[in-house]
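Just so it is clear, the values below take in all heavy atoms, side chains as well, and ignore hydrogens, waters and symmetry mates. Since this is a predicted model, take the numbers as computed values, not measurements. By convention in this document, chain letters (A, B, ...) are assigned in the order of the sequence lines, proteins followed by strands, and residues within each chain are numbered from 1.
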Protein chains: 2
Amino acid sequence: MSYTYPQPRPAVAVDCVIFGYDHRQHMPELQILCIQRSIEPFRGQWALPGGFLRLHETLDQAAARELHEETGLESVYIEQLYTFSALDRDPRERVISVAYFALVNLERYTLHAGTDAAQAAWFSVAKLPALAFDHKMIVKVALERLRGKIRYQPIGFELLPDEFTLSELQTLYETILERSFDKRNFRKKIHDYGLLIETGGMRRGKPHRAARLYRFDTKRYKALEKRGFMFEL
Amino acid sequence: MSYTYPQPRPAVAVDCVIFGYDHRQHMPELQILCIQRSIEPFRGQWALPGGFLRLHETLDQAAARELHEETGLESVYIEQLYTFSALDRDPRERVISVAYFALVNLERYTLHAGTDAAQAAWFSVAKLPALAFDHKMIVKVALERLRGKIRYQPIGFELLPDEFTLSELQTLYETILERSFDKRNFRKKIHDYGLLIETGGMRRGKPHRAARLYRFDTKRYKALEKRGFMFEL
DNA sequence: TACATTAGTGTAAAATACACACTAACATAC
DNA sequence: GTATGTTAGTGTGTATTTTACACTAATGTA
């Protein structure tokens with residue numbers, strides 16, 4: 001079967017920058033999921049997970065589908081990033097790519113390699129391999145967006161499990177923003193927003209004092225947001 | 001001539017939200033350029049200027065071309081906004097639209113109607129007519145982005161002439177953000193950034209004290225920005 | 001039970017944001 | 001040329017926010 005149009009059309013791809021974070025690591029790093037391409041072009045090279053838009057789905061749906069196919073995860077945070085359209089970004093033909101970025105908490109998820117017959121692996125953003133196409137640029141834009149956004153919207157919680165400690169939260173921010181926060185000031189600020197609910201549970205098992213567990217109060221945040229409240233860290 | 005592909009492809013359109021602002025008006029309003037459609041679908045209705053991506057141009061180029069075709073202007077501020085992909089956003093067939101927004105100072109520009117045989121007109125954002133396709137949604141997203149962005153990046157200057165008075169700048173911010181600023185605090189803040197250069201000229205002609213003219217110091221801003229400086233109003 | 005390690009807490013100083021009112025200069029009308 | 005209406009331009013004190021900073025509490029392991 002083939003499809004014919006009176007004007008030439010670019011192919012429309014969707015590529016995902018899937019950020020992963022594991023609070024259980026001693027010095028956690030922000031990671032990105034890459035897959036090793038099994039077909040040309042760039043066969044054997046690492047690339048961002050992606051594929052072509054199907055006509056019966058929206059871009060959001062296509063991105064969610066790609067994410068599900070690569071990670072097995074559903075209902076994770078994902079948002080559109082930017083649409084890339086350099087003329088030579090794909091050597092085969094004209095392809096524009098609508099990039100998305102997703103935030104995945106790695107506790108919920110362990111790689112089941114070989115999902116799509118393609119090898120998948122997490123790489124620290126500091127040690128990314130060479131990437132196919134213009135994916136290096138896409139990652140750069142995604143990082144800028146994540147770093148810019150996390151300070152003004154409470155999306156960092158998406159990288160942690162439902163219940164987390166204040167230290168885990170602080171380390172997350174320090175990791176992503178590559179700066180340190182004063183412990184007391186950080187906790188005071190977070191506490192004053194009143195957006196965390198103490199679950200009563202404790203994080204135990206480490207040879208030091210146990211830490212209280214909290215949940216992010218999404219309902220309250222959404223209510224406050226409507227009234228013009230702004231989160232800022 | 002026709003073009004055939006093994007998989008179906010959406011058409012790729014580019015639509016522009018062209019924001020216009022005229023500091024000479026007594027109570028300036030943020031405006032948007034709309035064109036009256038001369039062809040189906042939505043013939044006769046107002047819509048955002050736009051067209052289809054051509055294969056030899058990038059999305060940025062296509063957006064700049066559309067802007068030029070509609071306004072006659074070149075080298076105005078324009079940036080990609082978002083890509084819209086609802087399945088039914090175009091009744092003819094599957095079309096995804098990459099939206100851009102542009103900032104135009106209306107002093108430089110007066111409408112030369114009938115450019116593309118299409119009627120063009122500026123509408124205040126408060127009194128927009130019904131718009132074709134999902135253009136109402138596109139405008140909504142563009143407004144949110146503009147309001148969010150103008151507070152953290154000095155893009156407001158793009159809506160003013162090269163030389164402007166501090167009152168004009170303040171009125172611009174008040175108009176877009178729909179809030180008022182204290183005159184002295186506003187001027188102090190702006191002044192302390194050291195990003196304005198006094199040109200020596202004065203804005204005369206009104207029956208009251210003349211006002212000093214300033215230029216935005218783009219070079220200095222770019223230099224500071226690299227060192228992590230953040231503009232915020 | 002000693003030790004190493006992280007959790008958890010308050011206060012004072014500095015910086016920033018905010019509220020507020022008058023004089024100066026211009027064009028116009030008389 | 002003088003009075004009038006209107007916007008330009010300026011400083012200070014107060015409240016709020018941000019920052020810097022150090023010790024005790026609790027846990028698991030050796």
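Rounded to an integer number of Å, the gap from B:Leu166 CG to D:dG9 P is 6 Å. The distance between atom CZ of B:Arg212 and atom P of D:dT7, rounded to the nearest whole Å, is 19 Å. Put simply, NE2 on B:His208 is 10 Å from C1' on C:dA25, counting in whole angstrom units. The separation between A:Leu169 atom CG and C:dT6 atom C1' is 16 Å, rounded to whole Å. Residue B:Lys188 contributes atom NZ, which lies 10 Å from atom P of C:dA17 at whole-angstrom precision. Atom CZ in A:Arg209 sits roughly 19 Å away from atom C1' in D:dT29 (whole-Å rounding). If you measure from atom CZ of A:Phe186 to atom C1' of D:dT19, you get 16 Å, rounded to the nearest angstrom. The distance from atom CZ of B:Arg184 to atom P of D:dT7 is 17 Å, rounded to the nearest whole Å.
No engagement by B:His191 is indicated, since no non-hydrogen atom pair under 4.0 Å with the nucleic acid exists. Using a 4.0 Å heavy-atom distance criterion, B:Arg187 is classed as a base contact.
The aromatic ring centres of A:Phe84 and A:Phe133 sit 6.0 Å or more apart.
Residues B:His135 and B:Gln45 form no side-chain contact, since every pair of their non-hydrogen atoms from C-beta on lies 4.5 Å or further apart. Side-chain contact between B:Val104 and B:Leu159: absent, with no pair of heavy atoms (C-beta onward) separated by less than 4.5 Å.
Judged by distance alone, the side chain of A:Tyr193 and the main-chain N or O of A:Glu232 form a donor-acceptor pair under 3.5 Å.
In this structure, B:Ser167 does not reach the D:dT7 phosphate: none of its side-chain N or O atoms is under 4.0 Å from OP1 or OP2.
A:Lys140 and A:Asp134 are not joined by a salt bridge, as no carboxylate oxygen comes within less than 4.0 angstrom of a charged side-chain nitrogen.
The nearest heavy atom of DNA chain C to A:Asp182 and to A:Ala210 marks one nucleotide each, and the one closer to the 5' end goes with A:Ala210. Across the interface with DNA chain D, nearest-nucleotide mapping of A:Asn185 and A:Lys206 shows A:Asn185 to be the residue nearer the 5′ end.
Taking the side chain of B:Pro207 as heavy atoms from C-beta on, and the options C:dA7, C:dA17, C:dT28, the nearest nucleotide is C:dT28. Listed nucleotides: C:dC20, C:dT9, D:dG9. Nearest to the side chain of B:Lys183: D:dG9.
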